Amino acid sequence: MNDLSITIRPEAAGDAQAIERLHERTFGPGRFVLSAYRIREHVDHLLDVSFTARIGTLLVGSVRQLPVTIGETPALLLGPLTVEPPFRSRGIGRMLMERALDEARDKGHRIVLLVGDEPYYSRVGFKLVPKGRITMPGPVDAARVLVFELAVGAFEGVSGTVAPDWNKARG
């Protein structure tokens, strides 16, 4: 199992059920109280910047991004990013993230936020949001709020509350 052929492809509408089962296995029921999930209740993720990882036909990982605002500034919220436990530590999460960030940049997005472990996400360029610059809904450990600039200087002067992008809210 050392030479796995991983395919990263855009998420399709038909992937939703398999991805939800993956989230159930990896995050459990407690995921619904997290601040990032509160935002996800109102806005769907964007399929064109969300991806799956497969080995053959087996779904082994997923990353999603959804539209948010930071104050008045549009951004993406990355997550959840998850990989089936037996396939972790093989670079699949990094491949998913890099593809998602590249596609977001190509599609004109400028800022990506996430709530996660800085030592892991800093390897692809995420940085800690300076304390007090943004507020997430609900309780969040400020040391886990990270930002990635898809364009140089895109986060300069940006501050405010992170909220669903209501222009893209579910009807």
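Note that the structure is predicted; figures quoted are calculated from it, not measured.
Between the side chain of Arg105 and the backbone N or O of Ala151, no donor-acceptor pair lies under 3.5 Å. Between the side chain of Arg64 and the backbone N or O of Val49 there is no donor-acceptor pair closer than 3.5 Å. Side chain of Ser62 to main chain of Thr82: no donor-acceptor pair is present (N/O by atom type, distance under 3.5 Å, no hydrogens or angles). Without hydrogens or angle criteria, Glu149 side chain to Phe155 main chain gives a donor-acceptor distance under 3.5 Å. Panel note: side chain Glu11, backbone Leu47; no donor-acceptor pair is recorded below 3.5 Å.
Using bins of under 30°, 30° to 60° and over 60° for the plane-to-plane angle, the ring pair Phe126/Phe148 lands in the tilted bin.
Residues Lys127 and Leu146 fail the side-chain proximity criterion, which asks for heavy atoms closer than 4.5 Å. Between Leu78 and Leu113 the shortest side-chain heavy-atom distance does not fall below 4.5 Å. Side-chain atoms of Val140 and Val145, non-hydrogen and from C-beta on, do get closer than 4.5 Å to each other. The shortest distance between side-chain heavy atoms of Val60 and Arg54 does not fall below 4.5 Å. Ile111 is not listed as a side-chain neighbour of Leu76, based on a closest heavy-atom distance of 4.5 Å or more. A 4.5 Å side-chain heavy-atom check between Asp117 and Arg144 finds at least one atom pair inside the cut-off. Contact of the Ile6 side chain with the Met95 side chain is registered, since non-hydrogen atoms from C-beta on lie closer than 4.5 Å. In this structure, Leu46 and Gln65 have side chains that are not in contact, with every pair of non-hydrogen atoms separated by 4.5 Å or more.
Between Arg9 and Asp15, at least one side-chain N (NZ, or NE/NH1/NH2) sits under 4.0 Å from a carboxylate O, which counts as a salt bridge.
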_Using the rule given for side chain to side chain contact (heavy atoms under 4.5 Å, CB included), can you reason through Val43 versus Leu77, listing the C-alpha separation, both sets of side-chain angles and the distance that settles it, and then say yes or no?_
CA-CA 11 Å; Val43 178; Leu77 181 65; over 6 Å; no

_Please determine whether side chain to side chain contact (heavy atoms under 4.5 Å, CB included) holds for the pair Phe51 and Glu98, giving the CA-CA distance in whole Å, both sets of side-chain angles, and the decisive distance to 0.1 Å._
CA-CA 10 Å; Phe51 294 88; Glu98 288 175 348; over 6 Å; no

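To the nearest 0.5 Å, the span separating CG on Leu128 from CD on Glu118 amounts to 6.5 Å. Distance check, rounded to the nearest 0.5 Å: CG of Leu101 to NE2 of His109 gives 11.5 Å. Distance check: Thr73 OG1 to Asp165 CG gives 11.0 Å after rounding to the nearest 0.5 Å. Here OG1 of Thr161 is found 9.0 Å from CD1 of Ile134. Values are rounded to the nearest 0.5 Å. Atom-to-atom distance recorded for Ser50:OG and Leu96:CG is 10.5 Å, nearest 0.5 angstrom. For the atom pair OG1 of Thr7 and CG of Leu58, the computed distance is 11.5 Å after rounding to the nearest 0.5 Å.
Scanning all heavy atoms of the two residues, the minimum distance from Gly157 to Arg133 falls at N-NH2, 3.8 Å. Contact between Gly79 and Leu66 at its shortest, heavy atoms only, is O-CD2, 4.2 Å. When all heavy atoms of Ile92 and Ala53 are compared, the closest pair comes out as CG2-CB, 3.6 Å.
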